[in-house]
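Written below as C-alpha coordinates is the structure these notes are about.
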Amino acid sequence: PTVLLQQDRPLSDESLIGKVSNNRYKIESLLGEGGMGRIYIANQITMDRKVALKVIRPDQKIREGHIERFYQEARLASQLSSPHVVRMYDFGIEDSLGHPFMAMELLEGVNLADHMMEHGALGVKQGVVIASQVCRALVEAAQHNMVHRDLKAENIFLVNTAHGEAFVKVMDFGIAKIGGKGGQRITQTGMTVGTPSYMSPEQIHGHEVDSRSDLYSLGCMIFEMITGQLPFDKNDGMAMLMAHLQEAPRKMLDLLPPGSQVPGALIALVDILLQKKAEDRPDNPSDVLVILSKLQEEVVPTSASFVMPTQTPAKSSVASNAPRTSSNLQRIATDFIGREDDLRSLLMKLRGGQQLITLTGPGGMGKTRLANETGHRASPEYLRDGGVWLCDLSACESLESVVETVAHTLQVPLKDPTIAESIQRMTDAIAARGRILIILDNFEQVMEHASSSLGAWMSMAPEAQFLVT
(Lines give C-alpha, C1' and ligand atoms only; values in the text may rest on other atoms or scores of the structure.)
Protein backbone atom coordinates (compact mmCIF):
# COMPACT_ATOMS: atom_id res chain seq x y z
CA PRO A 1 0.00 0.00 0.00
CA THR A 2 0.97 3.62 -0.48
CA VAL A 3 2.14 5.24 2.75
CA LEU A 4 1.19 8.91 3.04
CA LEU A 5 2.35 10.17 6.42
CA GLN A 6 3.81 13.40 7.71
CA GLN A 7 7.39 12.67 8.78
CA ASP A 8 8.65 13.25 12.36
CA ARG A 9 5.10 13.60 13.70
CA PRO A 10 4.33 11.89 17.04
CA LEU A 11 1.53 9.37 16.85
CA SER A 12 -1.61 9.72 18.91
CA ASP A 13 -1.46 8.12 22.35
CA GLU A 14 -5.14 7.20 22.27
CA SER A 15 -5.75 3.56 23.10
CA LEU A 16 -6.80 1.27 20.27
CA ILE A 17 -8.41 -1.30 22.58
CA GLY A 18 -12.12 -1.61 21.88
CA LYS A 19 -11.92 0.15 18.52
CA VAL A 20 -12.71 -1.30 15.12
CA SER A 21 -9.78 -0.61 12.81
CA ASN A 22 -10.24 -0.20 9.07
CA ASN A 23 -13.78 -1.60 9.36
CA ARG A 24 -12.45 -5.13 9.80
CA TYR A 25 -10.31 -5.54 12.96
CA LYS A 26 -11.91 -5.28 16.40
CA ILE A 27 -9.02 -4.74 18.79
CA GLU A 28 -9.51 -6.69 22.02
CA SER A 29 -6.39 -6.52 24.19
CA LEU A 30 -2.68 -5.71 24.32
CA LEU A 31 -0.53 -8.81 23.80
CA GLY A 32 2.99 -7.38 24.04
CA GLU A 33 5.23 -4.42 23.40
CA GLY A 34 8.69 -3.96 21.91
CA GLY A 35 11.06 -1.16 21.10
CA MET A 36 9.12 0.10 18.08
CA GLY A 37 5.75 -1.63 18.03
CA ARG A 38 2.85 -2.89 20.08
CA ILE A 39 1.02 -6.12 19.33
CA TYR A 40 -2.70 -6.45 20.01
CA ILE A 41 -5.09 -9.38 19.86
CA ALA A 42 -7.83 -8.50 17.40
CA ASN A 43 -10.76 -10.22 15.76
CA GLN A 44 -10.84 -10.00 11.97
CA ILE A 45 -14.55 -9.41 11.58
CA THR A 46 -14.85 -10.45 7.94
CA MET A 47 -13.15 -13.81 8.59
CA ASP A 48 -14.22 -14.26 12.23
CA ARG A 49 -10.68 -15.21 13.27
CA LYS A 50 -8.21 -13.97 15.87
CA VAL A 51 -5.15 -12.16 14.54
CA ALA A 52 -2.10 -10.44 15.98
CA LEU A 53 -2.20 -6.76 15.03
CA LYS A 54 1.18 -5.02 15.17
CA VAL A 55 1.24 -1.21 15.20
CA ILE A 56 3.87 1.50 15.64
CA ARG A 57 3.96 2.54 19.30
CA PRO A 58 2.08 5.79 20.04
CA ASP A 59 5.11 7.41 21.68
CA GLN A 60 7.27 6.86 18.57
CA LYS A 61 7.75 9.65 16.09
CA ILE A 62 6.97 8.72 12.52
CA ARG A 63 10.34 8.71 10.84
CA GLU A 64 11.06 7.58 7.34
CA GLY A 65 13.40 4.80 8.44
CA HIS A 66 10.90 3.40 10.96
CA ILE A 67 8.08 3.29 8.46
CA GLU A 68 10.26 1.75 5.77
CA ARG A 69 11.53 -0.93 8.15
CA PHE A 70 8.00 -1.64 9.39
CA TYR A 71 6.67 -2.12 5.89
CA GLN A 72 9.71 -4.09 4.79
CA GLU A 73 8.93 -6.63 7.50
CA ALA A 74 5.40 -6.94 6.15
CA ARG A 75 6.46 -7.16 2.49
CA LEU A 76 9.21 -9.71 3.14
CA ALA A 77 7.06 -11.91 5.35
CA SER A 78 4.27 -11.86 2.76
CA GLN A 79 6.66 -13.27 0.13
CA LEU A 80 7.34 -16.41 2.19
CA SER A 81 4.91 -19.31 2.06
CA SER A 82 6.79 -21.76 4.29
CA PRO A 83 4.61 -23.12 7.10
CA HIS A 84 7.56 -22.35 9.38
CA VAL A 85 7.30 -18.58 8.85
CA VAL A 86 4.64 -16.45 10.55
CA ARG A 87 1.86 -15.81 8.02
CA MET A 88 1.13 -12.21 7.03
CA TYR A 89 -2.53 -11.42 6.33
CA ASP A 90 -2.63 -7.68 5.73
CA PHE A 91 -0.82 -4.38 6.26
CA GLY A 92 -1.60 -0.70 5.79
CA ILE A 93 -2.49 2.44 7.76
CA GLU A 94 -4.93 2.31 10.65
CA ASP A 95 -7.66 4.68 9.51
CA SER A 96 -8.71 6.50 12.69
CA LEU A 97 -5.34 7.28 14.27
CA GLY A 98 -2.90 6.96 11.38
CA HIS A 99 -0.92 4.08 12.91
CA PRO A 100 0.88 1.83 10.43
CA PHE A 101 -0.22 -1.75 11.11
CA MET A 102 0.23 -5.32 9.99
CA ALA A 103 -2.10 -8.24 10.69
CA MET A 104 -0.45 -11.62 11.28
CA GLU A 105 -1.50 -15.06 12.41
CA LEU A 106 -1.98 -15.26 16.17
CA LEU A 107 0.36 -17.84 17.65
CA GLU A 108 -0.34 -19.88 20.78
CA GLY A 109 2.66 -21.36 22.52
CA VAL A 110 5.99 -20.03 23.74
CA ASN A 111 9.18 -18.71 22.20
CA LEU A 112 12.25 -20.90 22.33
CA ALA A 113 14.14 -18.60 24.70
CA ASP A 114 11.40 -18.67 27.34
CA HIS A 115 11.01 -22.43 26.89
CA MET A 116 14.73 -22.98 27.56
CA MET A 117 14.70 -20.56 30.49
CA GLU A 118 12.00 -22.66 32.13
CA HIS A 119 13.13 -26.17 31.13
CA GLY A 120 16.86 -25.81 30.44
CA ALA A 121 18.68 -27.65 27.67
CA LEU A 122 16.42 -29.50 25.23
CA GLY A 123 18.73 -32.37 24.41
CA VAL A 124 19.72 -33.86 21.07
CA LYS A 125 16.33 -35.14 19.87
CA GLN A 126 14.35 -31.97 20.48
CA GLY A 127 17.23 -29.77 19.37
CA VAL A 128 17.52 -31.54 16.02
CA VAL A 129 13.75 -31.43 15.43
CA ILE A 130 13.59 -27.68 16.07
CA ALA A 131 16.75 -26.92 14.11
CA SER A 132 15.39 -28.84 11.12
CA GLN A 133 12.19 -26.79 11.06
CA VAL A 134 14.09 -23.52 11.43
CA CYS A 135 16.34 -24.58 8.57
CA ARG A 136 13.33 -25.22 6.34
CA ALA A 137 12.32 -21.58 6.82
CA LEU A 138 15.87 -20.49 5.96
CA VAL A 139 15.81 -22.59 2.80
CA GLU A 140 12.83 -20.67 1.46
CA ALA A 141 14.29 -17.33 2.58
CA ALA A 142 17.49 -18.13 0.69
CA GLN A 143 15.47 -18.97 -2.41
CA HIS A 144 14.17 -15.38 -2.25
CA ASN A 145 17.75 -14.16 -1.73
CA MET A 146 16.63 -13.05 1.74
CA VAL A 147 18.75 -12.93 4.93
CA HIS A 148 17.01 -12.76 8.31
CA ARG A 149 19.94 -11.14 10.21
CA ASP A 150 18.39 -11.53 13.67
CA LEU A 151 17.93 -15.27 14.04
CA LYS A 152 17.87 -16.03 17.78
CA ALA A 153 15.96 -18.07 20.33
CA GLU A 154 13.55 -15.19 21.04
CA ASN A 155 12.51 -15.19 17.38
CA ILE A 156 11.71 -18.90 17.25
CA PHE A 157 8.16 -19.64 18.37
CA LEU A 158 6.98 -23.10 19.38
CA VAL A 159 3.31 -23.35 18.45
CA ASN A 160 1.04 -25.83 20.19
CA THR A 161 -0.86 -28.03 17.75
CA ALA A 162 -4.11 -29.88 18.38
CA HIS A 163 -2.11 -32.99 19.33
CA GLY A 164 0.15 -31.14 21.75
CA GLU A 165 3.13 -31.23 19.40
CA ALA A 166 5.32 -28.16 18.94
CA PHE A 167 5.54 -26.65 15.48
CA VAL A 168 8.25 -24.07 14.78
CA LYS A 169 7.53 -20.59 13.42
CA VAL A 170 10.34 -18.13 12.61
CA MET A 171 9.36 -14.57 13.53
CA ASP A 172 10.50 -10.99 13.00
CA PHE A 173 11.89 -10.29 9.56
CA GLY A 174 12.07 -6.64 10.60
CA ILE A 175 15.80 -6.30 9.87
CA ALA A 176 15.91 -8.83 7.05
CA LYS A 177 17.50 -7.75 3.80
CA ILE A 178 17.28 -8.73 0.17
CA GLY A 179 20.72 -9.70 -1.06
CA GLY A 180 22.33 -9.15 -4.41
CA LYS A 181 23.00 -6.05 -6.46
CA GLY A 182 20.38 -3.36 -6.03
CA GLY A 183 18.84 -5.22 -3.11
CA GLN A 184 16.79 -3.44 -0.49
CA ARG A 185 18.70 -1.85 2.38
CA ILE A 186 17.01 -0.24 5.34
CA THR A 187 20.03 0.35 7.55
CA GLN A 188 22.95 2.54 6.61
CA THR A 189 26.04 1.01 5.07
CA GLY A 190 28.34 -0.31 7.79
CA MET A 191 25.62 -0.27 10.47
CA THR A 192 25.70 -3.35 12.71
CA VAL A 193 22.30 -4.93 13.37
CA GLY A 194 21.33 -8.09 15.20
CA THR A 195 21.70 -9.59 18.67
CA PRO A 196 25.26 -9.98 20.05
CA SER A 197 24.84 -13.55 21.30
CA TYR A 198 24.04 -14.85 17.80
CA MET A 199 25.79 -12.50 15.36
CA SER A 200 28.19 -13.76 12.71
CA PRO A 201 31.65 -12.17 12.45
CA GLU A 202 30.86 -10.59 9.08
CA GLN A 203 27.67 -9.11 10.49
CA ILE A 204 29.61 -7.64 13.43
CA HIS A 205 32.04 -6.02 10.99
CA GLY A 206 29.10 -4.50 9.09
CA HIS A 207 30.02 -6.34 5.89
CA GLU A 208 27.60 -7.65 3.30
CA VAL A 209 25.91 -10.83 4.53
CA ASP A 210 24.17 -13.75 2.88
CA SER A 211 22.45 -16.90 4.11
CA ARG A 212 25.73 -18.14 5.61
CA SER A 213 25.35 -15.47 8.28
CA ASP A 214 21.97 -16.94 9.28
CA LEU A 215 23.61 -20.38 9.36
CA TYR A 216 26.15 -19.07 11.89
CA SER A 217 23.25 -17.89 14.06
CA LEU A 218 21.60 -21.30 13.64
CA GLY A 219 24.82 -22.92 14.86
CA CYS A 220 24.68 -20.77 18.01
CA MET A 221 21.08 -21.84 18.57
CA ILE A 222 21.81 -25.55 18.13
CA PHE A 223 24.70 -25.25 20.60
CA GLU A 224 22.36 -23.54 23.07
CA MET A 225 19.54 -26.08 22.66
CA ILE A 226 21.87 -29.03 23.27
CA THR A 227 23.86 -27.60 26.20
CA GLY A 228 21.61 -24.93 27.69
CA GLN A 229 24.45 -22.44 27.21
CA LEU A 230 25.74 -20.18 24.46
CA PRO A 231 28.99 -20.95 22.62
CA PHE A 232 30.70 -18.02 24.37
CA ASP A 233 30.32 -17.26 28.08
CA LYS A 234 30.36 -13.47 28.19
CA ASN A 235 28.44 -11.10 30.43
CA ASP A 236 28.20 -8.01 28.24
CA GLY A 237 27.49 -7.27 24.61
CA MET A 238 30.90 -5.94 23.62
CA ALA A 239 32.74 -8.91 25.12
CA MET A 240 30.34 -11.22 23.30
CA LEU A 241 30.99 -9.49 19.97
CA MET A 242 34.75 -9.74 20.43
CA ALA A 243 34.45 -13.43 21.28
CA HIS A 244 32.61 -14.09 18.01
CA LEU A 245 35.46 -12.38 16.19
CA GLN A 246 38.48 -13.75 18.04
CA GLU A 247 37.77 -16.76 20.28
CA ALA A 248 37.08 -20.40 19.58
CA PRO A 249 33.66 -21.54 20.84
CA ARG A 250 33.50 -23.85 23.80
CA LYS A 251 33.12 -27.59 23.21
CA MET A 252 29.60 -28.90 23.62
CA LEU A 253 30.68 -32.08 25.37
CA ASP A 254 32.61 -30.07 27.97
CA LEU A 255 29.31 -28.48 29.06
CA LEU A 256 27.28 -31.68 29.28
CA PRO A 257 27.14 -34.26 32.11
CA PRO A 258 29.68 -37.08 31.86
CA GLY A 259 28.49 -39.86 29.58
CA SER A 260 26.22 -37.64 27.51
CA GLN A 261 25.74 -38.93 23.98
CA VAL A 262 25.88 -36.42 21.13
CA PRO A 263 26.20 -37.72 17.56
CA GLY A 264 29.56 -36.93 16.00
CA ALA A 265 27.77 -35.62 12.91
CA LEU A 266 25.92 -33.05 15.03
CA ILE A 267 29.13 -31.90 16.72
CA ALA A 268 30.80 -31.60 13.33
CA LEU A 269 27.83 -29.64 11.94
CA VAL A 270 27.91 -27.11 14.78
CA ASP A 271 31.68 -26.75 14.40
CA ILE A 272 31.39 -25.93 10.71
CA LEU A 273 28.43 -23.57 11.22
CA LEU A 274 30.48 -21.59 13.76
CA GLN A 275 33.46 -21.03 11.50
CA LYS A 276 34.69 -17.43 11.61
CA LYS A 277 34.90 -17.07 7.82
CA ALA A 278 31.68 -17.32 5.85
CA GLU A 279 33.43 -19.22 3.06
CA ASP A 280 34.29 -22.01 5.53
CA ARG A 281 30.60 -22.64 6.28
CA PRO A 282 28.08 -24.51 4.09
CA ASP A 283 27.09 -22.58 1.01
CA ASN A 284 23.36 -22.59 1.65
CA PRO A 285 20.68 -23.79 4.11
CA SER A 286 19.66 -26.65 1.80
CA ASP A 287 22.98 -28.40 2.46
CA VAL A 288 22.48 -28.04 6.22
CA LEU A 289 18.90 -29.32 5.99
CA VAL A 290 20.16 -32.51 4.33
CA ILE A 291 22.46 -33.14 7.31
CA LEU A 292 19.78 -32.29 9.88
CA SER A 293 17.24 -34.54 8.15
CA LYS A 294 19.64 -37.48 8.29
CA LEU A 295 20.35 -36.75 11.95
CA GLN A 296 16.64 -36.59 12.68
CA GLU A 297 16.15 -40.02 11.12
CA GLU A 298 18.90 -41.39 13.36
CA VAL A 299 17.98 -39.83 16.71
CA VAL A 300 14.19 -39.43 16.49
CA PRO A 301 11.95 -42.51 16.06
CA THR A 302 9.48 -42.24 13.17
CA SER A 303 6.50 -42.05 15.52
CA ALA A 304 8.12 -39.54 17.86
CA SER A 305 7.67 -35.80 17.85
CA PHE A 306 8.57 -32.86 20.01
CA VAL A 307 5.77 -32.50 22.56
CA MET A 308 5.56 -29.35 24.65
CA PRO A 309 6.00 -30.30 28.33
CA THR A 310 3.10 -29.56 30.64
CA GLN A 311 3.46 -27.90 34.01
CA THR A 312 3.16 -30.24 36.98
CA PRO A 313 2.12 -28.97 40.40
CA ALA A 314 5.07 -28.24 42.65
CA LYS A 315 5.52 -30.64 45.54
CA SER A 316 5.42 -29.28 49.05
CA SER A 317 8.71 -28.74 50.76
CA VAL A 318 9.61 -31.47 53.24
CA ALA A 319 11.87 -29.26 55.36
CA SER A 320 10.74 -29.24 58.98
CA ASN A 321 10.52 -25.46 59.13
CA ALA A 322 9.35 -24.85 55.57
CA PRO A 323 6.99 -21.90 55.10
CA ARG A 324 3.39 -22.26 53.97
CA THR A 325 4.32 -20.85 50.56
CA SER A 326 7.36 -21.30 48.34
CA SER A 327 7.85 -17.75 47.04
CA ASN A 328 7.07 -14.16 47.93
CA LEU A 329 7.79 -12.75 44.46
CA GLN A 330 5.18 -10.34 43.18
CA ARG A 331 4.11 -10.64 39.56
CA ILE A 332 4.56 -7.25 37.88
CA ALA A 333 1.67 -6.36 35.59
CA THR A 334 3.74 -4.97 32.72
CA ASP A 335 5.64 -7.33 30.41
CA PHE A 336 9.39 -7.69 30.86
CA ILE A 337 10.87 -6.66 27.50
CA GLY A 338 14.53 -6.22 26.70
CA ARG A 339 17.68 -7.35 28.56
CA GLU A 340 17.15 -10.89 27.28
CA ASP A 341 20.91 -11.50 27.19
CA ASP A 342 21.28 -10.42 30.85
CA LEU A 343 18.37 -12.60 31.88
CA ARG A 344 19.69 -15.58 29.94
CA SER A 345 23.16 -15.17 31.48
CA LEU A 346 21.76 -15.08 35.03
CA LEU A 347 19.63 -18.17 34.49
CA MET A 348 22.55 -20.07 32.99
CA LYS A 349 24.73 -19.21 35.98
CA LEU A 350 22.04 -20.39 38.38
CA ARG A 351 21.55 -23.62 36.45
CA GLY A 352 25.31 -24.06 36.39
CA GLY A 353 25.31 -24.13 40.20
CA GLN A 354 26.95 -20.76 40.88
CA GLN A 355 26.17 -20.03 44.51
CA LEU A 356 26.60 -16.25 44.55
CA ILE A 357 25.71 -13.85 41.72
CA THR A 358 26.01 -10.10 42.19
CA LEU A 359 24.24 -7.45 40.10
CA THR A 360 26.06 -4.12 40.22
CA GLY A 361 25.45 -0.74 38.66
CA PRO A 362 24.06 2.71 39.38
CA GLY A 363 20.62 3.14 40.90
CA GLY A 364 17.66 3.26 38.55
CA MET A 365 19.06 0.86 35.93
CA GLY A 366 16.54 -1.87 36.76
CA LYS A 367 18.56 -4.30 38.90
CA THR A 368 15.59 -5.10 41.14
CA ARG A 369 13.28 -5.71 38.18
CA LEU A 370 15.89 -7.92 36.51
CA ALA A 371 16.41 -9.91 39.73
CA ASN A 372 12.65 -10.28 40.21
CA GLU A 373 12.16 -11.51 36.64
CA THR A 374 15.08 -13.93 37.04
CA GLY A 375 13.42 -15.33 40.15
CA HIS A 376 10.12 -15.80 38.32
CA ARG A 377 11.75 -17.56 35.37
CA ALA A 378 13.84 -19.80 37.63
CA SER A 379 11.10 -20.56 40.18
CA PRO A 380 9.92 -23.92 38.73
CA GLU A 381 13.35 -25.35 39.53
CA TYR A 382 13.18 -24.35 43.22
CA LEU A 383 9.52 -24.73 44.21
CA ARG A 384 9.88 -28.43 45.03
CA ASP A 385 12.44 -27.52 47.68
CA GLY A 386 13.09 -24.19 49.35
CA GLY A 387 11.49 -21.82 46.84
CA VAL A 388 12.47 -18.34 45.69
CA TRP A 389 12.50 -15.38 48.09
CA LEU A 390 13.18 -11.67 47.66
CA CYS A 391 14.48 -9.86 50.75
CA ASP A 392 14.31 -6.06 50.59
CA LEU A 393 17.20 -4.74 52.68
CA SER A 394 16.65 -1.06 51.84
CA ALA A 395 15.74 -0.22 55.46
CA CYS A 396 18.58 -2.22 57.02
CA GLU A 397 21.58 -0.61 58.66
CA SER A 398 22.91 -3.19 61.12
CA LEU A 399 23.75 -6.88 61.10
CA GLU A 400 20.78 -7.52 63.39
CA SER A 401 18.36 -5.84 60.98
CA VAL A 402 19.72 -7.86 58.04
CA VAL A 403 19.22 -11.17 59.87
CA GLU A 404 15.76 -10.13 61.11
CA THR A 405 14.64 -9.08 57.62
CA VAL A 406 15.77 -12.33 56.01
CA ALA A 407 14.21 -14.34 58.86
CA HIS A 408 10.91 -12.49 58.47
CA THR A 409 10.92 -13.07 54.70
CA LEU A 410 11.61 -16.80 55.11
CA GLN A 411 9.13 -17.04 58.02
CA VAL A 412 11.73 -18.23 60.48
CA PRO A 413 10.99 -17.18 64.09
CA LEU A 414 13.96 -15.71 65.98
CA LYS A 415 13.95 -15.81 69.77
CA ASP A 416 17.66 -16.14 70.35
CA PRO A 417 19.40 -13.95 72.95
CA THR A 418 22.46 -13.23 70.80
CA ILE A 419 23.05 -12.28 67.18
CA ALA A 420 25.44 -15.22 66.78
CA GLU A 421 22.68 -17.65 67.75
CA SER A 422 20.24 -15.91 65.40
CA ILE A 423 22.69 -16.27 62.52
CA GLN A 424 23.15 -19.94 63.34
CA ARG A 425 19.38 -20.49 63.46
CA MET A 426 19.02 -18.85 60.05
CA THR A 427 21.90 -20.92 58.67
CA ASP A 428 20.24 -24.13 59.86
CA ALA A 429 16.88 -23.08 58.42
CA ILE A 430 18.34 -22.24 55.01
CA ALA A 431 20.35 -25.47 54.90
CA ALA A 432 17.25 -27.52 55.80
CA ARG A 433 15.37 -26.25 52.77
CA GLY A 434 17.74 -27.73 50.23
CA ARG A 435 17.77 -25.94 46.91
CA ILE A 436 16.63 -22.39 47.53
CA LEU A 437 17.15 -19.06 45.75
CA ILE A 438 17.39 -15.98 47.99
CA ILE A 439 17.45 -12.55 46.34
CA LEU A 440 19.08 -9.95 48.61
CA ASP A 441 17.96 -6.61 47.20
CA ASN A 442 19.75 -3.34 48.15
CA PHE A 443 22.57 -5.27 49.81
CA GLU A 444 25.18 -2.64 48.97
CA GLN A 445 24.35 -0.55 52.03
CA VAL A 446 25.11 -3.39 54.45
CA MET A 447 28.13 -4.84 52.69
CA GLU A 448 30.22 -4.59 55.85
CA HIS A 449 28.05 -7.35 57.33
CA ALA A 450 28.38 -9.69 54.35
CA SER A 451 30.91 -12.09 55.84
CA SER A 452 28.99 -12.48 59.11
CA SER A 453 25.64 -13.15 57.45
CA LEU A 454 25.87 -14.14 53.80
CA GLY A 455 29.27 -15.78 54.24
CA ALA A 456 27.97 -18.04 57.01
CA TRP A 457 24.85 -19.02 55.08
CA MET A 458 26.84 -19.89 51.96
CA SER A 459 29.42 -22.00 53.78
CA MET A 460 26.88 -24.08 55.73
CA ALA A 461 24.10 -24.30 53.09
CA PRO A 462 25.86 -25.42 49.89
CA GLU A 463 22.59 -25.98 47.98
CA ALA A 464 21.41 -22.43 48.60
CA GLN A 465 21.99 -19.82 45.89
CA PHE A 466 22.04 -16.07 46.39
CA LEU A 467 21.33 -13.28 43.87
CA VAL A 468 22.55 -10.00 45.33
CA THR A 469 21.80 -6.48 44.05
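Just the heavy atoms: all of them, side chains too, but no hydrogens, waters or symmetry mates, feed the values below. Position 1 is the first residue of the sequence; numbering continues from there.
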Original post:
So which pairs with a foot in residues 229-240 pass side chain to side chain donor-acceptor pair (under 3.5 Å), sequence neighbours left out?
Top reply: Gln229-Arg250, Lys234-Glu247, Asn235-Ser345, Asn235-Lys349
Subject >> Between CD1 on residue Ile439 and NZ on residue Lys367, distance to nearest 0.5 Å >> reply: 14.0 Å
**OP:** Flag the pair Met225 / Cys220 as yes when at least one side-chain heavy-atom distance between them is below 4.5 Å, and no otherwise.
**Re:** no
Original post:
If every non-hydrogen atom of Lys169 is compared with every non-hydrogen atom of Val159, which pair is closest and at what distance?
Top reply: CG-CG2, 3.5 Å
Original post:
Where is the tightest heavy-atom contact between Met252 and Val262, given as atom of each residue plus distance?
Top reply: CE-CG1, 4.2 Å
Original post:
Side chains of Met116 and Glu224: closer than 4.5 Å at any heavy-atom pair?
Top reply: yes
Subject >> Partner set under ring pair (Phe, Tyr, Trp, His ring centres under 6.0 Å) for Tyr216, not counting sequence neighbours >> reply: His244
Original post:
So, does Gln354 use its side chain to make a donor-acceptor pair with the main chain of Leu356 at under 3.5 Å?
Top reply: yes
Original post:
Where do Gly387 and Ile436 come nearest, in terms of heavy atoms and distance?
Top reply: O-CG1, 3.4 Å
Subject >> Separation of Leu151 CG from Thr195 OG1 (nearest 0.5 Å) >> reply: 9.5 Å
**OP:** Report yes or no: does Asp214 contribute a side-chain atom to a donor-acceptor pair with the main-chain N or O of Arg149 at less than 3.5 Å?
**Re:** yes
Subject >> Any donor-acceptor N/O pair, Ser213 side chain to Ser200 backbone, under 3.5 Å >> reply: no
Original post:
In terms of the angle between their ring planes, are His207 and His205 parallel, tilted or perpendicular, with boundaries placed at 30° and 60°?
Top reply: parallel
Original post:
How would you list, by chain and number, every residue that makes a side chain to side chain contact (heavy atoms under 4.5 Å, CB included) with Asp90, sequence neighbours excluded?
Top reply: Arg24, Tyr25, Phe101, Ala103
**OP:** Not counting sequence neighbours, which residues clear side-chain hydrogen bond (donor to acceptor under 3.5 Å, both in side chains) with Thr469? List them please.
**Re:** Asp441
**OP:** Would you sort out whether Ile267 and Lys251 count as a side chain to side chain contact (heavy atoms under 4.5 Å, CB included), showing the intermediate values?
**Re:** CA-CA 9 Å; Ile267 294 175; Lys251 302 295 184 183; over 6 Å; no
Subject >> Over-ring placement of Arg49 relative to Tyr89, 6.0 Å and 45° cut-offs >> reply: yes
Original post:
Who are the side chain to side chain contact (heavy atoms under 4.5 Å, CB included) partners of Asn442, not counting sequence neighbours?
Top reply: Asp392, Ser394, Glu444
Subject >> Reported CD-to-CE distance for the pair Glu154 and Met221, which is rounded to 0.5 angstrom >> reply: 9.5 Å
Subject >> Non-hydrogen atoms of Tyr198 and Ala153 that approach each other most closely >> reply: OH-CB, 3.5 Å
**OP:** Rounded to the nearest 0.5 Å, what's the gap from CG on Leu112 to CG on Leu122? Could you check?
**Re:** 6.0 Å
Original post:
Could you state the interatomic distance from CG (Asn145) to OG (Ser211), rounded to the nearest 0.5 Å?
Top reply: 8.5 Å
Original post:
Looking only at heavy atoms, what is the nearest atom pair of Ala121 and Thr227, with distance?
Top reply: CB-C, 3.6 Å
Original post:
Quick one: are Leu343 and Arg377 in side-chain contact, heavy atoms under 4.5 Å?
Top reply: yes
Original post:
Side-chain contact, heavy-atom cut-off 4.5 Å: Leu53 with Met102?
Top reply: no
Original post:
Taking C-beta and beyond as the side chain, do Leu31 and Tyr40 meet within less than 4.5 Å on heavy atoms?
Top reply: no
Original post:
Residues in side chain to side chain contact (heavy atoms under 4.5 Å, CB included) with Pro83, at least two apart?
Top reply: Phe167
Original post:
Are any of the side-chain heavy atoms of Leu266 and Ile226 separated by less than 4.5 Å?
Top reply: yes
**OP:** For Lys50, check side-chain hydrogen bond (donor to acceptor under 3.5 Å, both in side chains) against everything at least two apart and list the hits.
**Re:** Glu28
Subject >> Contacts of Gln465 that satisfy side-chain hydrogen bond (donor to acceptor under 3.5 Å, both in side chains) - sequence neighbours left out >> reply: Tyr382
For residues 127-134, which side-chain donor-acceptor pairs fall under 3.5 Å, sequence neighbours excluded?
from: Ser132; atom 1: OG; to: Val128; atom 2: O; distance (Å): 2.8
from: Ser132; atom 1: OG; to: Gln296; atom 2: OE1; distance (Å): 3.2
from: Gln133; atom 1: OE1; to: His84; atom 2: ND1; distance (Å): 3.4
from: Gln133; atom 1: OE1; to: Val168; atom 2: N; distance (Å): 2.8

Subject >> Residues Glu298 and Lys294 bridged, charged N to O under 4.0 Å >> reply: no
Subject >> Worked verdict on Leu289 versus Arg136 for side chain to side chain contact (heavy atoms under 4.5 Å, CB included) >> reply: CA-CA 7 Å; Leu289 182 59; Arg136 292 182 189 280; 3.9 Å; yes
Original post:
How would you list, by chain and number, every residue that makes a side chain to side chain contact (heavy atoms under 4.5 Å, CB included) with Lys26, sequence neighbours excluded?
Top reply: Val20, Ile45
**OP:** Heavy atoms only: give me the nearest Pro285-Ala142 pair and the separation to one decimal.
**Re:** CD-CB, 3.9 Å
Subject >> Nearest-0.5 Å distance that lies between atom NZ in Lys152 and atom CG in Asn111 >> reply: 9.5 Å
Original post:
With side chains defined as the heavy atoms from C-beta onward, is the minimum distance between Val170 and Val86 less than 4.5 Å?
Top reply: no
Original post:
side chain to side chain contact (heavy atoms under 4.5 Å, CB included) between Leu467 and Leu440: does it pass, once the steps are laid out?
Top reply: CA-CA 6 Å; Leu467 178 57; Leu440 301 176; over 6 Å; no
Original post:
Does a side-chain heavy-atom distance below 4.5 Å link Ile357 with Val468?
Top reply: no
**OP:** Begin from the C-alpha positions of Leu359 and Asp342 and carry the test side chain to side chain contact (heavy atoms under 4.5 Å, CB included) through to its verdict.
**Re:** CA-CA 10 Å; Leu359 296 179; Asp342 292 336; over 6 Å; no
Subject >> Residues forming a ring pair (Phe, Tyr, Trp, His ring centres under 6.0 Å) with Phe223, sequence neighbours excluded >> reply: none
Original post:
How would you list all residue pairs meeting side chain to side chain donor-acceptor pair (under 3.5 Å) that involve residues 268-292, not counting sequence neighbours?
Top reply: Glu202-Arg281
